[in-house]
Amino acid sequence: MLTFIIRRLLTAIPTLVLISLIIFLLLDLAPGDPLADQPLSIPPEVRQRMRDALGLDSPAYIRYLLWAKQFFWVEPLYFIDWLAGTNFADGMQRIVSWQFRAPVFDIIVQRIPQTLWVVGLAYLVGVMIALPIGIISAYKQYSWFDQLGTFVSMIGFSVPPFFSGVLMIVFFAIMLPWFPSIYDTTLVVNDFESLGKQIRQMTLPVLVLSLQTTAQLSRFMRASMLDNLNHDYVRTARAKGMTEKVVVLVHVLRNSLIPVVTVIALGIPSIFGGAIITEQIFKVNGLGQLLITAIYANDLPMVQTLAFIFAVLIVACNLIADMLYGLLDPRIRYD
Amino acid sequence: MGDVQTGMEAKAAVPLVKVRDLKMYFPIHSGLFRTHVGDIKAVDGISFDIMPGETLGLVGESGCGKSTVGRAILRLYDVTAGTVEINGFEIAHVDRDSLRSKRPMMQMIFQDPQASLNPRMTVASIIGEPLDEHMKLSGDERLARIYELMDWVGLNREFAKRYPHEFSGGQRQRIGIARALALNPKFIVCDEPIAALDVSIQAQVVNLLEELQTRLNLTYLFISHDLSMVRHIADRVAVMYLGRIVEIASREKLFADPLHPYSQALLSAVPEPDPESERNRRPIVLQGDVPSPANPPKGCNFSTRCPKVMDICRQQEPGVFDFGEGRQVACHLYSESMKTTAEPTGGERTN
């Protein structure tokens, strides 16, 4: 297993280098000028000085290597400095966002909590709801519960969040003023009242996002359970005289969870990727919102860095999913 | 020893398994509202007895309902109608909890040794799980019992911590047998236990089953489509066609002189080992396909393919005709010479 992990980590290095290069080239080839937002009254020589300051006119490979050096060398050094209080990175240039004029990583660190709270919680809630629904739907296939589950999943699959989110706001924020329609990032949770407020403002975005997770995962769980329920070893367990609870929850569920757990692990990067649309609707200023505003503003370092972090997360979660498979299924060995 | 012998013989007069008019229908739902439009009559009213220590072979072509019979007898399906009595207990209609407490006395060996073992459990936990559920054993007793069972079926004790996928097909079937034996069953349904194994392993597993039968005084229902294996292991043989038993007789009688036209056709398909007689073998080739069990033909189920079909066969279901010594045939050919009997009888043990 250890050699497998090391081998996978080594192969991940060229993969990630290639991905970062592709992201860089795509952004470089895309039309748009980072200075397009600046007033037209700026004289051309000043504009040119601004371009020089941002390094916009240097060749592509120099800009790429500069970014790579900053990402792989300077930022980790800053992190070590911040952790250990050392001074390795003094005087080195960090990746700076063009629109915020501040280090990209500082802004990301500011945005992560909102995304984790809203999108991460929605994922967790979605998983917690989807698994029981999938199990019961499969065990009682074609029952009214299963039909209802199928119907709700179909809605979750087919209704996009820009519709369901607005619908939620219309129903639960305007017609029934139970929840706020805008997420207040400045809210500080320090007592029960503010905690209640925080829960209420999280409810609607979590609801919208978890509907989608639930729809996908419950279908997957159901299919996996059905697949296993028809296996002969289930009949063996019944013939052994096991209780129905043991048959379903020990024999069938444990085997059915193997593919489901890996799918859950593969979905984790999407949490950090944020939910661009849902975050926009509810004004949650998380990572998804950060990415979309950076794209609007032609903030190339920010877009490049965020996109690459997502790529790293996807590669890492793929590895984790493969490792989980090996741990959960004795038939799979990586030696 | 003599007393024991007579005692056993007196006991042998009572069948261990009594099946009466067993029916297993699977409903067909279709249409807009998934209404009940019919049934697949997988098992359509069969009756037989199995004596203690006896092996009853159940043969028939694919899809005739053999496996369904085995599963329905052990209540792995909820039967549609009929009664099943094993060791004096009514199985077919008891509630789940009392059924579960009766599970130890009846067990099953499954066809596919790979699929019938939980891939995430070690051999020790597969064999040990029923012990935890039905017996109260200490850790050491449990392990001793697991090792004893592994010895019985010829598995190395060192394999206890391995997973099913690490074994060959024959070894897996041995695990399945050890698992079935764990709770000291009286009656075991062997559902094509050798069909998934290659020929050299088949003989080993069948010999193991016979050896265990002698040692533990087991009673088998041996389901198979391999007629030569059934001839080897069974004391009596029941021939099934489309959900019904068409003939039931002792092994010698059936293989020497099959009476039902379907049995004749089935047995004529077995190749002879002697090249001389193989050359003279004239297999009866049946025309057409097996009718759908959802829509069986009127009258005798075999009337659509029977080479000796008569007018009455298409009108009237044949009764069961008793030829004595436990031999029964369901065919109109014998209606003139024989009287119908309702009660099936168990055969004498032939040694």
Side-chain angles (χ1 to χ4, degrees), chain A residues 1 135 137-151 221 224-262 323-335, chain B residues 29 34 67 70-71 73-78 96-123 125-135 161-166 172 175-176 179-183 185 188-189 191-192 196:
Chain A
M1 189 70 148
I135 294 165
S137 294
Y139 188 62
K140 303 213 179 289
Q141 197 187 6
Y142 302 134
S143 64
W144 65 267
F145 185 91
D146 185 26
Q147 309 281 6
L148 189 74
T150 309
F151 180 70
M221 184 76 227
S224 180
M225 281 288 282
L226 281 177
D227 184 34
N228 277 285
L229 272 169
N230 291 327
H231 267 89
D232 278 354
Y233 72 80
V234 180
R235 201 172 282 130
T236 309
R238 292 215 173 97
K240 278 178 183 175
M242 297 291 124
T243 56
E244 202 58 18
K245 207 174 115 192
V246 173
V247 171
V248 176
L249 294 184
V250 177
H251 287 258
V252 182
L253 182 60
R254 282 194 189 166
N255 278 293
S256 315
L257 273 178
I258 296 171
V260 177
V261 164
T262 54
M323 280 159 57
L324 281 176
Y325 227 112
L327 286 175
L328 294 174
D329 192 339
R331 285 167 296 185
I332 292 172
R333 282 285 166 267
Y334 294 119
D335 313 323
Chain B
H29 296 284
R34 301 192 57 79
S67 291
R71 290 170 190 173
I73 289 176
L74 297 189
R75 256 304 276 291
L76 294 174
Y77 292 139
D78 283 326
R96 282 187 176 277
D97 280 339
S98 28
L99 176 71
R100 227 163 50 72
S101 63
K102 297 286 175 288
R103 283 276 178 222
M105 72 175 181
M106 49 184 193
Q107 281 298 323
M108 188 155 190
I109 296 168
F110 293 92
Q111 173 173 7
D112 186 341
Q114 163 92 64
S116 62
L117 301 173
N118 189 333
R120 272 172 50 87
M121 290 169 80
T122 60
V123 172
S125 51
I126 287 170
I127 301 176
E129 197 188 22
L131 301 175
D132 300 338
E133 183 73 22
H134 295 282
M135 292 179 179
K161 288 271 174 284
R162 293 198 187 171
Y163 289 94
H165 70 272
E166 295 170 87
R172 278 185 213 134
I175 300 170
R179 194 229 89 228
L181 293 175
L183 295 167
I188 297 183
V189 174
D191 184 3
E192 308 216 23

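Every chain is numbered from 1, with letters handed out A, B, ... down the list of sequences.
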(message) Does any backbone or side-chain atom of A:Val252 lie under 4.5 Å from a heavy atom of chain B? Answer side chain, backbone, both or neither.
(response)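 For A:Val252, no heavy atom lies under 4.5 Å from chain B.
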At a 4.5 Å cut-off on heavy atoms, which part of [X] comes close to chain A: side chain, backbone, both, or neither?
{"X": "B:Leu117", "answer": "backbone"}
{"X": "B:Glu129", "answer": "both"}
{"X": "B:Arg75", "answer": "neither"}
{"X": "B:Leu183", "answer": "side chain"}

Which one wins on heavy-atom pair count under 4.5 Å against chain A: [options]?
{"options": "B:Arg103, B:Arg120, B:His29", "result": "B:Arg120"}
{"options": "B:Arg71, B:Met106, B:Gln111, B:Glu166", "result": "B:Arg71"}
{"options": "B:Leu74, B:Ile126, B:Thr122, B:Ile109", "result": "B:Ile126"}

How many angstroms lie between atom [atom1] of [X] and atom [atom2] of [Y], to the nearest 0.5 angstrom?
{"X": "A:His251", "Y": "A:Arg238", "atom1": "NE2", "atom2": "CZ", "result": "10.5 Å"}
{"X": "A:Leu229", "Y": "A:Tyr233", "atom1": "CG", "atom2": "OH", "result": "8.0 Å"}
{"X": "A:Tyr139", "Y": "A:Leu253", "atom1": "OH", "atom2": "CG", "result": "13.0 Å"}
{"X": "A:Ile258", "Y": "A:Ile332", "atom1": "CD1", "atom2": "CD1", "result": "7.5 Å"}

If you count heavy-atom pairs within less than 4.5 Å of chain B, which of [options] leads?
{"options": "A:Asn228, A:Thr243, A:Asp329", "value": "A:Thr243"}
{"options": "A:Met242, A:His231, A:Arg254", "value": "A:Met242"}
{"options": "A:Leu328, A:Val234, A:Val246", "value": "A:Leu328"}

(message) I need the minimum non-hydrogen distance between B:Pro119 and B:Tyr163, along with the two atoms involved.
(response)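 Result for this residue pair: O-CD2, 3.7 Å.
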(request) Mark yes when over 12 heavy atoms from residues, nucleotides or ligands other than A:Phe145 sit less than 6.0 Å from its CZ; otherwise mark no. (result)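 Atom CZ in A:Phe145 is packed in, count exceeds 12.
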(message) Is it the case that the side chain of A:Thr262 and the backbone of A:Pro259 share a donor-acceptor pair, with hydrogens and angles ignored and the cut-off at 3.5 Å?
(response)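 Side chain of A:Thr262 to backbone of A:Pro259: a pair is present.
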(message) I'd like to know if A:Lys240 and B:Glu133 make a salt bridge, using a cut-off of under 4.0 Å between side-chain N and carboxylate O.
(response)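 Salt bridge flag = no for B:Glu133 with A:Lys240.
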